[in-house]
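Heads up: the structure comes next, in structure tokens.
Order of the sequence lines fixes the chain letters, A, B, ..., with proteins taken first and strands second; residue numbering starts at 1 for each chain.
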2 protein chains.
Amino acid sequence: MKEGPDISHVAALIGDPARANILTALMDGRALTASELAAEAGVGLSTASSHLAKLTDGGLLVPRKQGRHKYFALANRDVASVLEALMGLAASQGGARVRPGPKDQTLRQARVCYNHLAGSRGVQMYEALRSAGAIIETGDDVSLTPKGESFATGFGVDLARLKTSKAPLCRTCLDWSERRNHLAGSLGRALLSEMETRGWLRRDENSRAILFTPSGKVAFDKTF
Amino acid sequence: MKEGPDISHVAALIGDPARANILTALMDGRALTASELAAEAGVGLSTASSHLAKLTDGGLLVPRKQGRHKYFALANRDVASVLEALMGLAASQGGARVRPGPKDQTLRQARVCYNHLAGSRGVQMYEALRSAGAIIETGDDVSLTPKGESFATGFGVDLARLKTSKAPLCRTCLDWSERRNHLAGSLGRALLSEMETRGWLRRDENSRAILFTPSGKVAFDKTF
DNA sequence: TTGATGCTTCGTTGAAGGTCGAAGTATGAA
DNA sequence: TTCATACTTCGACCTTCAACGAAGCATCAA
């Protein structure tokens, strides 16, 4: 009867609207405080606290105390990909629920996904890197070629530092709007951060949207 | 506030134990009747009927009336992949819940996943086909090479017929036990069905397990 | 028609759990 | 110390919804 692991427990955690809002808010990879998440979810502080405890207990979030603040972030990449998969499913069928407002448009073009670039621009970058031979797909994974290493270094990424961490350098991530791969992993994060430093783009404070500057848009298209 | 589609509704549907059991039971791609699913979920008939209505309404299942029976199947491949993703997450963290019994062992080796071969044998086949140049990965998708076409035809697959359908010939599918790709799509289904016809294997009636015959095991290893 | 099977609908019960406010604990600032 | 901020815990309320049995419809077989 019980084949495979217990799906329903995890699914039930995501199944509450308030908790789903919390998880969605954390999809950009940032860590947020309990108060911020309470506002994001639209519930009281005590309610949020209870939800956060459950999510942490269920292994979906990891807490980190910092002074009198308590920050929460998604536990790992698996959680993020389950959420993206759910979004894809929900978007494709319950599609009537999604009204394509101006914000939605922006989100499809460029957004933050677990600290790396997602949306059509993310896919564009990924494809450019791949066809340029900077990255190469092996099985389900993706890895950086020597050619890609020199590009990244030239772009301003401190590859040596990234390599000291045990986190994977390159990863693929499937986003729900494009349904194609884009680049995740520590390199993906570093590239996004570098682009932000260069002033190509800036993050929207209240959402996952990424806003390219006019000059940034040009530079991005030229590079990728 | 509401970025992206409504996750929580879908997740809540999967979040009930009875419904999760129903969905899991349908993971092999077969269509089952309401009564069978009620037994599978361990609930009464009326309860199951209500659950099935909700799942259908939510777009996770598609019903098909046949005489006085009503068959239910997963609505599409997206639903199956969300379920597999959830299994992967649940297995990796709430792992304590999974006790590796003899049946579990069999499931990890070979099982049916939406009518194609999954588990370590599924991955073995996929890798063999890939390194033999029968299939080639492009981006996130996989496609059949001329070399692969002649292999499939020689194996007994009616490729011409498969191509008339609009369903994709080749697809990748990630399974939760191996965490690697195996072959899905109509070709994946056809290969499994051909192996069953040849007597290499048979399906377990009450689970997703696939049991290889001794001679089938030898033939499989020789081919892949 | 009569009976049997398969599923749906309805009404009721009961338990689970989301919500809030208030009080309690911890950390930092003045 | 004293106050303010950030979060947790507790208790009470209340909505939601899974579960069942009985009755109702539909289909098939004689």
Output a table of nitrogen or oxygen pairs between the protein and nucleotides 17-23 of chain D separated by less than 3.5 Å.
| residue | atom | partner | partner atom | Å |
| --- | --- | --- | --- | --- |
| D/dA18 | OP1 | B/Arg19 | NH1 | 3.3 |
| D/dA18 | OP1 | B/Arg19 | NH2 | 3.2 |
| D/dA18 | OP2 | B/Lys54 | NZ | 2.5 |
| D/dA19 | OP2 | B/His51 | NE2 | 2.7 |
| D/dC20 | OP2 | B/Gly44 | N | 2.9 |
| D/dC20 | OP2 | B/Thr47 | OG1 | 3.3 |
| D/dG21 | O6 | B/Ser46 | OG | 3.2 |

Return the polar atom pairs (N/O with N/O) between nucleotides 25-29 of chain C and the protein under 3.5 Å, or none.
none

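Note: CG (A/Leu52) to P (D/dC7) measures 9 Å, nearest angstrom. Distance, B/His69 NE2 to C/dT8 P: 13 Å, rounded to whole Å. Here the P atom of nucleotide C/dG17 and the CG atom of A/Asp57 are 13 Å apart, to the nearest Å. Rounding to whole angstrom units, NZ of residue B/Lys70 and P of C/dT9 are separated by 8 Å. Computed from coordinates, the A/Tyr71 OH to D/dT8 P distance equals 14 Å when rounded to whole Å.
A/Val10 is not listed as a side-chain neighbour of A/Val82, based on a closest heavy-atom distance of 4.5 Å or more. At a threshold of 4.5 Å between non-hydrogen side-chain atoms, the residues A/Thr24 and A/Glu40 do not count as touching.
In terms of heavy-atom proximity, A/Leu32 sits nearest to A/Ala25 at CD1-O, 4.1 Å.
No donor-acceptor pair closer than 3.5 Å links the side chain of B/Arg19 to the backbone N or O of B/His51.
Under the side chain to side chain contact (heavy atoms under 4.5 Å, CB included) criterion, B/Ala75 pairs with B/Val62, B/Val79, not counting sequence neighbours. By the salt bridge (charged side-chain N to carboxylate O under 4.0 Å, His left out) test, B/Arg64 is found to be paired with no residue, residues two or more places apart in sequence or in another chain being considered. With sequence neighbours left out, A/His116 forms a ring pair (Phe, Tyr, Trp, His ring centres under 6.0 Å) with A/His182.
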Donor-acceptor contacts, no H, no angles, side chain residues 191-201 of chain A, under 3.5 Å, sequence neighbours left out:
| residue | atom | partner | partner atom | Å |
| --- | --- | --- | --- | --- |
| A/Glu194 | OE2 | A/Arg198 | NE | 3.2 |
| A/Thr197 | OG1 | A/Ser193 | O | 2.8 |
| A/Arg198 | NH2 | A/Phe155 | O | 2.8 |

